[in-house]
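One structure is given here, and the rest of the page talks about it.
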2 protein chains.
Amino acid sequence: MIKQELIFRDYLRAKGLKFTPERRMVLEEIFSFSGHFDVEALYDKLRHRVGGLSLATIYRTMPLLIKAGLIKEVMRCQNRPQYERCFGSPHHDHLICIKCGRVFEFREEEIERLQDKVCQRFGFRPIEHRLGIKGYCKNCQIKERNSRNV
Amino acid sequence: MIKQELIFRDYLRAKGLKFTPERRMVLEEIFSFSGHFDVEALYDKLRHRVGGLSLATIYRTMPLLIKAGLIKEVMRCQNRPQYERCFGSPHHDHLICIKCGRVFEFREEEIERLQDKVCQRFGFRPIEHRLGIKGYCKNCQIKERNSRNV
DNA sequence: TTGTAACTGAGAATCAATTGCAAATAGTCA
DNA sequence: TGACTATTTGCAATTGATTCTCAGTTACAA
(Lines give C-alpha, C1' and ligand atoms only; values in the text may rest on other atoms or scores of the structure.)
Protein backbone atom coordinates (compact mmCIF):
# COMPACT_ATOMS: atom_id res chain seq x y z
CA MET A 1 0.00 0.00 0.00
CA ILE A 2 1.19 3.50 -0.73
CA LYS A 3 2.69 5.18 2.24
CA GLN A 4 0.36 8.16 2.44
CA GLU A 5 -2.63 5.88 2.34
CA LEU A 6 -1.23 3.90 5.21
CA ILE A 7 -0.72 7.05 7.20
CA PHE A 8 -4.23 8.22 6.50
CA ARG A 9 -5.78 4.87 7.40
CA ASP A 10 -3.82 4.73 10.61
CA TYR A 11 -4.91 8.20 11.51
CA LEU A 12 -8.55 7.43 10.81
CA ARG A 13 -8.50 4.17 12.68
CA ALA A 14 -6.93 5.82 15.70
CA LYS A 15 -9.79 8.31 15.71
CA GLY A 16 -12.51 5.73 15.13
CA LEU A 17 -13.20 7.16 11.67
CA LYS A 18 -13.64 5.34 8.39
CA PHE A 19 -11.55 5.06 5.29
CA THR A 20 -14.15 5.57 2.58
CA PRO A 21 -13.83 5.50 -1.21
CA GLU A 22 -14.44 9.24 -1.23
CA ARG A 23 -11.60 9.91 1.16
CA ARG A 24 -9.37 7.67 -0.88
CA MET A 25 -10.22 9.60 -4.05
CA VAL A 26 -9.29 12.88 -2.45
CA LEU A 27 -6.05 11.47 -1.14
CA GLU A 28 -5.12 9.93 -4.46
CA GLU A 29 -5.86 13.08 -6.38
CA ILE A 30 -3.72 15.17 -4.06
CA PHE A 31 -0.81 12.79 -4.34
CA SER A 32 -1.12 12.41 -8.09
CA PHE A 33 0.65 15.71 -8.64
CA SER A 34 2.97 17.97 -6.75
CA GLY A 35 2.54 21.63 -6.09
CA HIS A 36 -0.19 23.76 -4.63
CA PHE A 37 -3.90 23.29 -4.88
CA ASP A 38 -7.11 24.56 -3.41
CA VAL A 39 -10.47 23.05 -2.69
CA GLU A 40 -12.00 24.27 -5.91
CA ALA A 41 -9.25 22.73 -8.03
CA LEU A 42 -9.70 19.41 -6.28
CA TYR A 43 -13.42 19.51 -6.81
CA ASP A 44 -13.02 20.26 -10.51
CA LYS A 45 -10.81 17.26 -10.93
CA LEU A 46 -12.90 14.88 -8.88
CA ARG A 47 -16.49 15.76 -9.65
CA HIS A 48 -16.45 14.22 -13.12
CA ARG A 49 -14.85 10.96 -12.14
CA VAL A 50 -16.95 7.85 -12.03
CA GLY A 51 -18.88 8.15 -8.82
CA GLY A 52 -17.64 11.71 -8.37
CA LEU A 53 -17.99 13.30 -5.01
CA SER A 54 -19.49 16.38 -3.47
CA LEU A 55 -17.87 19.61 -2.48
CA ALA A 56 -19.02 19.13 1.10
CA THR A 57 -17.10 15.90 1.31
CA ILE A 58 -13.92 17.56 0.16
CA TYR A 59 -14.36 20.29 2.72
CA ARG A 60 -14.90 17.63 5.34
CA THR A 61 -11.85 15.69 4.26
CA MET A 62 -9.35 18.54 4.29
CA PRO A 63 -9.05 18.93 8.06
CA LEU A 64 -8.59 15.19 8.40
CA LEU A 65 -5.70 15.20 5.97
CA ILE A 66 -4.19 18.14 7.78
CA LYS A 67 -4.48 16.49 11.15
CA ALA A 68 -3.06 13.30 9.71
CA GLY A 69 -0.01 15.35 8.78
CA LEU A 70 -0.37 14.76 5.05
CA ILE A 71 -1.12 18.25 3.82
CA LYS A 72 -0.96 21.75 5.16
CA GLU A 73 -2.32 25.14 4.38
CA VAL A 74 0.51 27.25 3.07
CA MET A 75 -0.96 30.55 2.00
CA ARG A 76 -3.88 32.37 0.55
CA CYS A 77 -4.33 33.54 -2.99
CA GLN A 78 -7.30 35.72 -3.85
CA ASN A 79 -8.63 34.95 -0.43
CA ARG A 80 -8.70 31.19 -0.81
CA PRO A 81 -6.49 28.91 1.21
CA GLN A 82 -3.92 27.02 -0.80
CA TYR A 83 -2.65 23.65 0.33
CA GLU A 84 0.29 21.44 -0.42
CA ARG A 85 1.44 17.98 0.53
CA CYS A 86 3.78 18.04 3.44
CA PHE A 87 4.49 14.37 3.34
CA GLY A 88 7.69 13.65 1.47
CA SER A 89 8.79 17.22 0.88
CA PRO A 90 10.71 19.26 3.42
CA HIS A 91 9.39 22.50 4.81
CA HIS A 92 9.91 25.52 2.63
CA ASP A 93 8.67 29.07 2.23
CA HIS A 94 7.18 30.96 -0.69
CA LEU A 95 7.67 33.84 -3.06
CA ILE A 96 4.33 34.77 -4.61
CA CYS A 97 4.12 36.91 -7.70
CA ILE A 98 1.36 39.50 -7.40
CA LYS A 99 1.14 39.81 -11.16
CA CYS A 100 1.16 36.34 -12.65
CA GLY A 101 0.42 34.31 -9.54
CA ARG A 102 3.42 32.06 -9.90
CA VAL A 103 4.79 30.60 -6.72
CA PHE A 104 8.46 29.96 -6.07
CA GLU A 105 9.59 27.79 -3.23
CA PHE A 106 12.73 28.28 -1.24
CA ARG A 107 14.33 27.00 1.88
CA GLU A 108 16.80 29.04 3.84
CA GLU A 109 18.26 27.14 6.76
CA GLU A 110 19.51 30.26 8.41
CA ILE A 111 16.03 31.77 8.52
CA GLU A 112 14.69 28.59 10.09
CA ARG A 113 17.40 28.70 12.69
CA LEU A 114 16.80 32.36 13.50
CA GLN A 115 13.11 31.70 13.95
CA ASP A 116 13.88 29.10 16.56
CA LYS A 117 16.14 31.58 18.26
CA VAL A 118 13.32 34.13 18.40
CA CYS A 119 10.97 31.54 19.85
CA GLN A 120 13.46 30.68 22.54
CA ARG A 121 13.74 34.31 23.42
CA PHE A 122 9.99 34.40 24.07
CA GLY A 123 9.77 30.97 25.68
CA PHE A 124 7.45 30.16 22.78
CA ARG A 125 6.98 26.61 21.54
CA PRO A 126 6.50 26.82 17.75
CA ILE A 127 4.17 24.39 16.01
CA GLU A 128 4.26 25.75 12.51
CA HIS A 129 5.25 28.86 10.71
CA ARG A 130 4.56 30.46 7.43
CA LEU A 131 6.63 32.93 5.53
CA GLY A 132 5.31 34.39 2.31
CA ILE A 133 6.91 37.13 0.32
CA LYS A 134 4.74 38.92 -2.21
CA GLY A 135 6.17 40.93 -5.00
CA TYR A 136 7.02 40.77 -8.68
CA CYS A 137 8.81 37.88 -10.28
CA LYS A 138 11.61 38.34 -12.74
CA ASN A 139 9.38 37.94 -15.76
CA CYS A 140 6.74 40.33 -14.56
CA GLN A 141 8.96 43.19 -13.52
CA ILE A 142 9.07 44.74 -16.94
CA LYS A 143 5.34 44.67 -17.65
CA GLU A 144 4.70 45.92 -14.15
CA ARG A 145 6.48 49.18 -14.75
CA ASN A 146 3.63 50.46 -16.87
CA SER A 147 0.85 49.79 -14.40
CA ARG A 148 2.16 51.01 -11.12
CA ASN A 149 -1.01 52.92 -10.34
CA VAL A 150 -2.12 51.00 -7.28
CA MET B 1 -3.20 68.38 11.47
CA ILE B 2 -2.22 64.94 12.60
CA LYS B 3 0.26 63.27 10.35
CA GLN B 4 -1.79 60.22 9.41
CA GLU B 5 -4.69 62.42 8.43
CA LEU B 6 -2.43 64.44 6.21
CA ILE B 7 -1.18 61.30 4.53
CA PHE B 8 -4.70 60.01 3.99
CA ARG B 9 -5.93 63.32 2.58
CA ASP B 10 -2.98 63.51 0.25
CA TYR B 11 -3.62 59.99 -0.95
CA LEU B 12 -7.30 60.66 -1.53
CA ARG B 13 -6.69 63.93 -3.31
CA ALA B 14 -4.14 62.31 -5.59
CA LYS B 15 -6.74 59.74 -6.57
CA GLY B 16 -9.55 62.22 -6.97
CA LEU B 17 -11.33 60.80 -3.93
CA LYS B 18 -12.91 62.59 -1.02
CA PHE B 19 -12.05 62.97 2.59
CA THR B 20 -15.39 62.41 4.28
CA PRO B 21 -16.40 62.50 7.95
CA GLU B 22 -16.90 58.73 7.80
CA ARG B 23 -13.38 58.14 6.56
CA ARG B 24 -12.07 60.45 9.20
CA MET B 25 -13.90 58.51 11.90
CA VAL B 26 -12.40 55.23 10.77
CA LEU B 27 -8.94 56.73 10.61
CA GLU B 28 -9.24 58.31 14.04
CA GLU B 29 -10.51 55.15 15.62
CA ILE B 30 -7.65 53.11 14.21
CA PHE B 31 -5.08 55.58 15.42
CA SER B 32 -6.67 55.93 18.84
CA PHE B 33 -5.11 52.69 19.99
CA SER B 34 -2.20 50.49 19.04
CA GLY B 35 -2.24 46.82 18.29
CA HIS B 36 -4.27 44.62 16.00
CA PHE B 37 -7.86 45.01 14.99
CA ASP B 38 -10.35 43.64 12.53
CA VAL B 39 -13.34 45.04 10.70
CA GLU B 40 -15.83 43.77 13.24
CA ALA B 41 -14.01 45.40 16.14
CA LEU B 42 -13.93 48.69 14.30
CA TYR B 43 -17.60 48.46 13.52
CA ASP B 44 -18.46 47.73 17.15
CA LYS B 45 -16.61 50.82 18.25
CA LEU B 46 -17.94 53.14 15.58
CA ARG B 47 -21.55 52.14 15.09
CA HIS B 48 -22.76 53.70 18.32
CA ARG B 49 -21.03 57.00 17.94
CA VAL B 50 -23.03 60.04 17.07
CA GLY B 51 -23.73 59.71 13.40
CA GLY B 52 -22.31 56.18 13.47
CA LEU B 53 -21.43 54.58 10.22
CA SER B 54 -22.23 51.46 8.28
CA LEU B 55 -20.30 48.27 7.92
CA ALA B 56 -20.16 48.74 4.18
CA THR B 57 -18.36 52.01 4.62
CA ILE B 58 -15.74 50.42 6.81
CA TYR B 59 -15.20 47.70 4.25
CA ARG B 60 -14.88 50.34 1.59
CA THR B 61 -12.41 52.35 3.63
CA MET B 62 -9.99 49.55 4.48
CA PRO B 63 -8.41 49.16 1.05
CA LEU B 64 -7.97 52.90 0.82
CA LEU B 65 -6.10 53.00 4.09
CA ILE B 66 -3.97 50.11 2.94
CA LYS B 67 -3.13 51.74 -0.36
CA ALA B 68 -2.38 54.97 1.45
CA GLY B 69 0.21 53.02 3.39
CA LEU B 70 -1.42 53.63 6.76
CA ILE B 71 -2.45 50.12 7.71
CA LYS B 72 -1.73 46.63 6.53
CA GLU B 73 -3.20 43.19 6.84
CA VAL B 74 -0.92 41.18 9.04
CA MET B 75 -2.58 37.83 9.54
CA ARG B 76 -5.80 35.95 9.88
CA CYS B 77 -7.43 34.70 13.03
CA GLN B 78 -10.49 32.48 12.76
CA ASN B 79 -10.62 33.32 9.11
CA ARG B 80 -10.83 37.05 9.56
CA PRO B 81 -8.09 39.36 8.42
CA GLN B 82 -6.40 41.29 11.17
CA TYR B 83 -4.89 44.67 10.52
CA GLU B 84 -2.46 46.96 12.20
CA ARG B 85 -1.16 50.47 11.68
CA CYS B 86 2.04 50.49 9.75
CA PHE B 87 2.55 54.17 10.06
CA GLY B 88 4.91 55.02 12.90
CA SER B 89 5.89 51.50 13.82
CA PRO B 90 8.60 49.57 12.02
CA HIS B 91 7.92 46.32 10.26
CA HIS B 92 7.81 43.29 12.51
CA ASP B 93 6.67 39.70 12.49
CA HIS B 94 4.39 37.74 14.80
CA LEU B 95 4.24 34.88 17.21
CA ILE B 96 0.63 33.77 17.59
CA CYS B 97 -0.47 31.58 20.48
CA ILE B 98 -2.84 28.86 19.32
CA LYS B 99 -4.26 28.52 22.79
CA CYS B 100 -4.90 31.98 24.17
CA GLY B 101 -4.68 33.98 20.98
CA ARG B 102 -2.07 36.37 22.27
CA VAL B 103 0.17 37.92 19.69
CA PHE B 104 3.81 38.76 20.26
CA GLU B 105 5.71 41.00 17.93
CA PHE B 106 9.34 40.67 17.08
CA ARG B 107 11.80 42.05 14.65
CA GLU B 108 14.89 40.15 13.61
CA GLU B 109 17.12 42.13 11.32
CA GLU B 110 19.00 39.09 10.20
CA ILE B 111 15.81 37.43 8.96
CA GLU B 112 14.91 40.55 7.03
CA ARG B 113 18.31 40.59 5.45
CA LEU B 114 18.19 36.93 4.50
CA GLN B 115 14.82 37.40 2.86
CA ASP B 116 16.27 40.07 0.63
CA LYS B 117 19.07 37.72 -0.23
CA VAL B 118 16.61 35.03 -1.26
CA CYS B 119 14.71 37.52 -3.40
CA GLN B 120 17.88 38.53 -5.14
CA ARG B 121 18.61 34.92 -5.88
CA PHE B 122 15.29 34.66 -7.70
CA GLY B 123 15.42 38.07 -9.32
CA PHE B 124 12.27 38.75 -7.33
CA ARG B 125 11.23 42.25 -6.32
CA PRO B 126 9.56 41.99 -2.92
CA ILE B 127 6.68 44.29 -2.03
CA GLU B 128 5.69 42.89 1.30
CA HIS B 129 6.20 39.83 3.37
CA ARG B 130 4.53 38.17 6.25
CA LEU B 131 6.01 35.78 8.74
CA GLY B 132 3.79 34.24 11.36
CA ILE B 133 4.82 31.56 13.79
CA LYS B 134 2.02 29.65 15.49
CA GLY B 135 2.56 27.68 18.63
CA TYR B 136 2.15 27.87 22.37
CA CYS B 137 3.20 30.84 24.42
CA LYS B 138 5.06 30.52 27.66
CA ASN B 139 1.96 30.77 29.81
CA CYS B 140 -0.03 28.24 27.83
CA GLN B 141 2.55 25.51 27.60
CA ILE B 142 1.59 23.94 30.89
CA LYS B 143 -2.17 23.83 30.34
CA GLU B 144 -1.57 22.60 26.83
CA ARG B 145 0.09 19.41 28.00
CA ASN B 146 -3.23 17.97 29.12
CA SER B 147 -5.10 18.54 25.89
CA ARG B 148 -2.76 17.41 23.18
CA ASN B 149 -5.45 15.40 21.38
CA VAL B 150 -5.57 17.31 18.14
C1' DT C 1 -22.59 79.04 -5.48
C1' DT C 2 -23.00 75.48 -8.46
C1' DG C 3 -22.22 71.21 -10.81
C1' DT C 4 -20.82 66.75 -10.65
C1' DA C 5 -18.39 62.82 -9.56
C1' DA C 6 -17.74 60.47 -5.43
C1' DC C 7 -19.87 58.87 -1.15
C1' DT C 8 -23.21 56.95 2.05
C1' DG C 9 -26.53 53.59 4.26
C1' DA C 10 -29.55 49.86 3.73
C1' DG C 11 -30.50 45.84 2.13
C1' DA C 12 -29.83 42.46 -1.54
C1' DA C 13 -26.52 39.56 -3.60
C1' DT C 14 -22.49 36.77 -3.64
C1' DC C 15 -19.11 33.49 -2.40
C1' DA C 16 -16.75 30.16 0.22
C1' DA C 17 -17.52 27.24 3.84
C1' DT C 18 -20.49 24.74 7.19
C1' DT C 19 -24.35 22.18 8.73
C1' DG C 20 -28.77 19.32 9.21
C1' DC C 21 -30.86 15.46 7.64
C1' DA C 22 -32.13 11.09 5.71
C1' DA C 23 -30.20 7.38 3.29
C1' DA C 24 -25.97 4.59 2.66
C1' DT C 25 -22.00 2.10 4.37
C1' DA C 26 -17.33 0.80 6.62
C1' DG C 27 -15.67 -1.84 9.93
C1' DT C 28 -16.37 -4.29 14.31
C1' DC C 29 -18.02 -8.05 16.79
C1' DA C 30 -20.71 -12.09 17.51
C1' DT D 1 -20.43 -14.57 7.36
C1' DG D 2 -23.97 -11.38 8.79
C1' DA D 3 -25.89 -7.94 11.59
C1' DC D 4 -25.29 -3.75 13.98
C1' DT D 5 -24.21 0.96 14.61
C1' DA D 6 -21.63 4.99 14.51
C1' DT D 7 -19.74 7.38 10.82
C1' DT D 8 -20.32 9.24 6.01
C1' DT D 9 -22.37 10.86 2.16
C1' DG D 10 -24.97 14.05 -1.01
C1' DC D 11 -28.01 17.51 -1.14
C1' DA D 12 -29.95 21.57 0.03
C1' DA D 13 -30.32 25.03 3.26
C1' DT D 14 -27.57 28.03 6.14
C1' DT D 15 -24.05 30.85 7.77
C1' DG D 16 -20.85 34.64 7.95
C1' DA D 17 -17.93 37.70 5.74
C1' DT D 18 -17.64 40.70 2.05
C1' DT D 19 -19.27 43.12 -2.07
C1' DC D 20 -22.67 45.24 -4.82
C1' DT D 21 -26.76 48.10 -6.15
C1' DC D 22 -29.21 52.04 -5.94
C1' DA D 23 -31.24 56.22 -4.61
C1' DG D 24 -30.37 60.05 -1.97
C1' DT D 25 -26.39 63.00 -0.10
C1' DT D 26 -22.13 65.57 -0.12
C1' DA D 27 -17.21 67.14 -0.77
C1' DC D 28 -14.75 70.06 -3.27
C1' DA D 29 -13.03 72.29 -7.55
C1' DA D 30 -14.04 75.91 -10.53
Side-chain angles (χ1 to χ4, degrees), chain A residues 1 5-6 8-29 36-68 71 73 75-83 149, chain B residues 1 5-6 8-29 36-68 71 73-83:
Chain A
M1 192 187 308
E5 189 175 313
L6 199 60
F8 197 26
R9 293 182 93 125
D10 282 349
Y11 170 79
L12 292 172
R13 185 175 313 116
K15 293 284 177 191
L17 305 177
K18 296 170 183 175
F19 186 69
T20 64
E22 289 81 5
R23 287 174 182 174
R24 166 183 266 142
M25 281 173 73
V26 174
L27 183 66
E28 278 179 2
E29 184 57 42
H36 306 92
F37 61 91
D38 60 18
V39 169
E40 197 190 351
L42 271 187
Y43 183 53
D44 276 348
K45 292 187 180 181
L46 289 170
R47 63 195 303 185
H48 299 306
R49 284 226 194 141
V50 273
L53 78 191
S54 78
L55 195 52
T57 297
I58 296 180
Y59 274 113
R60 284 188 277 229
T61 303
M62 301 304 277
L64 300 176
L65 290 167
I66 291 174
K67 287 181 200 157
I71 64 171
E73 190 190 318
M75 61 188 158
R76 263 162 209 272
C77 294
Q78 66 248 1
N79 213 23
R80 280 215 213 83
Q82 305 286 315
Y83 303 88
N149 53 354
Chain B
M1 193 187 308
E5 189 175 313
L6 199 59
F8 197 27
R9 294 182 92 124
D10 281 350
Y11 169 79
L12 292 172
R13 184 174 314 114
K15 293 285 175 189
L17 305 177
K18 296 170 182 174
F19 186 69
T20 64
E22 289 81 5
R23 288 174 181 172
R24 165 183 265 143
M25 279 174 75
V26 174
L27 183 67
E28 278 180 0
E29 184 57 44
H36 306 92
F37 60 92
D38 59 17
V39 169
E40 197 190 348
L42 271 187
Y43 184 51
D44 276 348
K45 292 187 180 181
L46 291 169
R47 65 194 304 187
H48 298 306
R49 284 226 196 141
V50 273
L53 80 191
S54 79
L55 196 50
T57 296
I58 296 180
Y59 274 110
R60 285 187 278 229
T61 304
M62 301 306 276
L64 300 176
L65 290 167
I66 292 174
K67 287 181 201 157
I71 64 172
E73 189 189 318
V74 284
M75 60 188 160
R76 257 162 214 274
C77 295
Q78 66 245 2
N79 213 24
R80 280 212 215 88
Q82 306 285 314
Y83 304 88

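Just so you know, these numbers use all the heavy atoms, side chains as well, and skip hydrogens, waters and symmetry mates. Owing to the predicted nature of the structure, the values given are computational and were not obtained by experimental measurement. Lettering follows sequence order; numbering is per chain, from 1.
Using a 4.0 Å heavy-atom criterion, one finds that A:L53 contacts the sugar-phosphate atoms exclusively.
What separates CG of A:D38 from P of C:dC15 is a distance of 15 Å, to the nearest Å. If you measure from atom CG of A:L42 to atom P of C:dA17, you get 12 Å, rounded to the nearest angstrom. The interatomic distance linking B:K18 (NZ) with D:dA27 (C1') rounds to 5 Å, in whole Å. To the nearest angstrom, P of D:dA27 lies 15 Å from CZ of B:F8. The distance from atom CZ of B:R13 to atom C1' of D:dA29 is 11 Å, rounded to the nearest whole Å. In this structure, B:Q82 atom CD and D:dT18 atom C1' are separated by 15 Å, rounded to whole Å. Taking atom CG of B:L64 as the reference point, atom C1' of D:dT18 lies 15 Å away to the nearest angstrom. If you measure from atom CD1 of A:I58 to atom C1' of C:dT18, you get 15 Å, rounded to the nearest angstrom.
Map A:L12 and B:V39 each onto its nearest nucleotide of DNA chain D; the residue landing nearer the 5' end is A:L12. Heavy-atom distances to DNA chain C give each of B:G52 and B:G16 a nearest nucleotide, and the one nearer the 5′ end belongs to B:G16.
An OP1 or OP2 oxygen of C:dA6 is reached within less than 4.0 angstrom by no side-chain nitrogen or oxygen of B:T20. Proximity of A:R23 to the phosphate of D:dT9: a side-chain N or O atom is located under 4.0 Å from OP1 or OP2.
Out of D:dT18, C:dT8, C:dA26, the shortest distance to the side chain of A:P21 is found at C:dA26. The B:L17 side chain lies nearest to C:dA6 when the options are D:dT7, C:dA6, D:dC28.
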Protein-nucleic acid N or O pairs under 3.5 Å, nucleotides 21-23 of chain D:
{"residue": "D:dT21", "atom": "O4", "partner": "B:R60", "partner atom": "NH1", "Å": "3.2"}

Which pairs, protein N/O on one side and nucleotides 14-17 of chain D N/O on the other, fall under 3.5 Å?
{"residue": "D:dA17", "atom": "OP1", "partner": "B:R80", "partner atom": "NE", "Å": "3.2"}
{"residue": "D:dA17", "atom": "OP1", "partner": "B:R80", "partner atom": "NH2", "Å": "2.9"}

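Going from atom CG of B:D10 over to atom CD of B:E5 covers 10.5 Å, rounded to the nearest 0.5 Å. Atoms CD and CG, from A:E73 and A:D38 in turn, are 11.0 Å apart once rounded to the nearest 0.5 Å. The CG atom of A:L53 sits 13.5 Å away from atom CZ of A:R24, with the distance rounded to the nearest 0.5 Å. With values rounded to the nearest 0.5 angstrom, A:H48 atom NE2 is found 8.0 Å from A:Y43 atom OH. Of the inter-residue distances, the one linking B:R49 atom CZ with B:M25 atom CE reads 5.0 Å to the nearest 0.5 angstrom. In this structure, A:F37 CZ and A:D44 CG are separated by 14.0 Å, a value rounded to the nearest 0.5 Å.
By the 4.5 Å heavy-atom criterion applied to side chains, B:Y83 and B:L65 are not counted as neighbours. The side-chain heavy atoms of B:K15 and B:K67, taken from C-beta on, include no pair separated by under 4.5 Å.
The side chain to side chain donor-acceptor pair (under 3.5 Å) search around A:E28 returns none, not counting sequence neighbours.
The backbone N or O of B:F19 lies less than 3.5 Å from no partner atom in the side chain of B:R9, so there is not a single donor-acceptor pair.
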